[in-house]
Amino acid sequence: MDLPFRYPFGIGHEFGGARPVAPTFGDARVVVLPVPLERSTSYVPGTRNGPREILLASSHMELWDEELGIDVHGVGIFTVPEMEFPSGTTEEALEQIRLVTHEIVEREKFPVILGGEHSITVPAVAAMAAHHPDLTLLQIDAHADLRESYAGDPHSHACAVRGSLRHVTRATQVGIRSLSPEEAEAAPTLPTTIFYDVTMRQNPDWIDRVIESLSDTVYVTIDCDALDPAIMPAVGTPEPGGLSWYELLALMRAVTAKRLVVGFDLVELCPIPGIVAPNFLCAKLVYKILAYQFAERRHHV
């Protein structure tokens, strides 16, 4: 393991499976960081197992992208072993995530962070914003996550976007179909644009409207429950409705083509024993986003 920094990492798996010549950290353009943090799950537990199952599923994934005609592994994808959180407070764990993300970005790598619960987005955004002052957050999610605290915990997964707003210029929230009365009251006062799942498709140009709401530089966070639970049942708090597979791909292809995406996370997979399709969907989604990012983007990361 040729990491240029030291941190409490455990045993891990390589994203995409074994390659004839595995890239080193220095050679890689993309760094995958598994973060199995689970401290505030409020319904079905299991997000701590999400990163590992995504990586395992990715080892069974074909690497040729038939849509774009490329194998994006050529850019170099290096997978850091899972972070470990055996003890300490949630605040300490989040600070560890911020420091590791900072180190990855400091070395001009494109970070892909696999959660874990959605609270990991806040330290990741903090690290990214330190390098990109005009950063916008694009959240694709069923839930608004705009609470100041939940069950007395300001670091809860239900507060992920509210916490992230301290570090970005504004946020755009897509697919939202679950929020509390308090969040609904606060939303108009916050620097965020919400595309509600129930109405956003009434405008056939909704993807263009999403892109117009973003600044030139974007960090993306995707909660698995943004997707229709018919194709993504493995989440802790499922909501009826949601994006289809091809809607999500169309959105990500457009965003990566028209904005500078500087990193993304995929969170809140709660693997279901014996049902591997959701795990594989997540692995494929990561690979598709990387293909869009490095085949079609108009800027340099």
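Please read all numbers here as calculations on a predicted model, not as lab measurements.
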Report yes if the side chains of Gln139 and Thr172 come closer than 4.5 Å at any heavy-atom pair, otherwise no.
no
Can you name the closest pair of heavy atoms from Arg201 and Gly242 and give their distance?
NH2-O, 3.2 Å
One should read off an interatomic distance between Ile272 CD1 and Asn279 CG, to the nearest 0.5 angstrom, of 8.5 Å
Within 6.0 angstrom of Arg209 CZ, more than 12 heavy atoms from elsewhere:
no
Would you check if the side chain of Arg177 reaches a backbone N or O of Val198 as a donor-acceptor pair within less than 3.5 Å?
no
How long is the gap from NE2 on His167 to CZ on Arg98, to the nearest 0.5 Å?
9.0 Å
In Leu214, Ile207, Asp208, the residue satisfying side-chain contact (heavy atoms from CB on, under 4.5 Å) with Lys258 is Asp208
Looking only at heavy atoms, what is the nearest atom pair of Pro278 and Pro233, with distance?
CG-CD, 3.8 Å
Common cluster, Leu165/Val122, ILVMFWY with side-chain heavy-atom separation under 4.5 Å:
no
Here the gap from Thr79 atom OG1 to Leu114 atom CG, rounded to the nearest 0.5 Å, amounts to 8.0 Å
Answer whether the closest heavy-atom distance between the side chains of Leu68 and Tyr292 falls below 4.5 Å.
yes
Please confirm whether the backbone N or O of Ala142 pairs with a side-chain atom of Asp225, one donor and one acceptor, at under 3.5 Å?
yes
Applying the side-chain contact (heavy atoms from CB on, under 4.5 Å) criterion to Pro123, which one of Val100, Ile97, Leu37, Ile113 satisfies it?
Ile97
Ion pair Asp145/Arg162, N-O distance below 4.0 Å
no
Check whether any side-chain heavy atom of Val267 sits under 4.5 Å from a side-chain heavy atom of Ile120, and report yes or no.
yes
Say you draw a straight line from CH2 of Trp245 to CG of Leu227; how long is it, rounded to the nearest 0.5 Å?
8.0 Å
Quick one: do Glu108 and Arg29 make a salt bridge, cutoff under 4.0 Å?
no
Show the nearest heavy-atom pair for residues Gly241 and Pro229, with the distance to one decimal.
O-CD, 3.3 Å
Output, in order, the C-alpha distance, side-chain angles, deciding distance and verdict of side-chain contact (heavy atoms from CB on, under 4.5 Å) for Ile140 and Val220.
CA-CA 8 Å; Ile140 306 171; Val220 180; 4.3 Å; yes
Between the side chains of His118 and Asp265, does any donor sit under 3.5 Å from an acceptor?
no
Ignoring hydrogens, what is the shortest heavy-atom contact between Asp65 and Ala291? Give both atom names and the distance.
OD2-CB, 3.8 Å
ILVMFWY network linking Leu56 to Phe78, side-chain heavy atoms under 4.5 angstrom:
no
Determine whether a donor-acceptor pair (N or O, by modelled atom type, separation under 3.5 Å) exists between the side chain of Glu268 and the backbone of Val235.
no
Which ring-ring contact (aromatic ring centres under 6.0 Å, His included) pairs, counting each pair once, include a residue from residues 81-104, with sequence neighbours left out?
His102-His131
Of all the heavy-atom pairs spanning Met61 and Ala283, show the shortest one and how long it is.
SD-O, 3.7 Å
Near Glu185 CD, under 6.0 Å, is it more than 12 heavy atoms from other residues, nucleotides or ligands?
no
Establish, for the pair Lys109 and Phe25, whether the NZ or CZ atom is under 6.0 angstrom from the six-membered ring centre and no further than 45 degrees off its axis.
yes
Can you name the closest pair of heavy atoms from Ala187 and Leu146 and give their distance?
CB-CD1, 4.1 Å
Test Gln96 against Met83 for side-chain contact (heavy atoms from CB on, under 4.5 Å), laying out the working first.
CA-CA 9 Å; Gln96 291 175 10; Met83 293 189 69; 3.9 Å; yes
Keeping to residues at least two apart or across chains, list the ring-ring contact (aromatic ring centres under 6.0 Å, His included) pairs with something in residues 248-287.
His73-Tyr287
Heavy-atom side-chain proximity of Val218 to Leu260 below 4.5 angstrom
no
Set out, in order, the CA-CA distance, both residues' side-chain angles and the distance that settles salt bridge (charged side-chain N to carboxylate O under 4.0 Å, His left out) for Arg253 and Glu67, then state yes or no.
CA-CA 11 Å; Arg253 182 167 184 170; Glu67 180 184 1; 2.5 Å; yes
Check the surroundings of atom CD in Glu62: do more than 12 heavy atoms from other residues, nucleotides or ligands lie under 6.0 Å from it?
no
Are the side chain of Arg39 and the backbone N or O of Ala93 linked by a donor-acceptor pair below 3.5 Å?
no
Residue from Thr237, Ile176, Val161 passing side-chain contact (heavy atoms from CB on, under 4.5 Å) with His143:
Thr237
Indicate yes or no: at least one non-hydrogen side-chain atom of Val168 is less than 4.5 angstrom from one of Thr136.
no
Can you find a pair of side-chain heavy atoms, one from Leu281 and one from Met232, that are under 4.5 Å apart?
yes
Donor + acceptor pair across side chains of Glu117, Thr47 (<3.5 Å)
no
In sequence, state the C-alpha distance, the side-chain angles, and the governing distance for Thr169 and Leu135, and then conclude on side-chain contact (heavy atoms from CB on, under 4.5 Å).
CA-CA 6 Å; Thr169 57; Leu135 188 67; 5.9 Å; no
Donor-acceptor pair, Gln173 side chain versus Ala144 backbone, under 3.5 Å?
yes
Would a 4.5 Å heavy-atom cut-off, applied to side chains only, mark Glu14 and Leu55 as touching?
no
From Leu99 atom CG to Ile104 atom CD1, the distance as rounded to the nearest 0.5 Å:
11.5 Å
Judged by modelled atom types alone, do Thr121 and Ser164 share a side-chain donor-acceptor pair under 3.5 Å?
no
Please determine if Arg147 and Glu183 form a salt bridge, counting it only when a charged side-chain N lies under 4.0 Å from a carboxylate O.
yes
Aromatic ring proximity, centroids under 6.0 angstrom, Phe110 and Phe294
yes
side-chain contact (heavy atoms from CB on, under 4.5 Å) evaluation trace for Met128 with Val262
CA-CA 8 Å; Met128 301 301 298; Val262 294; 3.4 Å; yes
What I'd like to find out is whether the side chain of Leu248 reaches to under 4.5 Å of the side chain of Leu285, using heavy atoms alone.
yes
Single-linkage hydrophobic cluster Phe195~Tyr246, side-chain heavy atoms < 4.5 angstrom
yes
Rounding to 0.5 Å, atoms SG (Cys270) and CD (Glu53) come to a distance of 11.5 Å
Inspect the surroundings of CD in Glu95 and state if more than 12 heavy atoms from other residues, nucleotides or ligands are less than 6.0 Å away.
yes
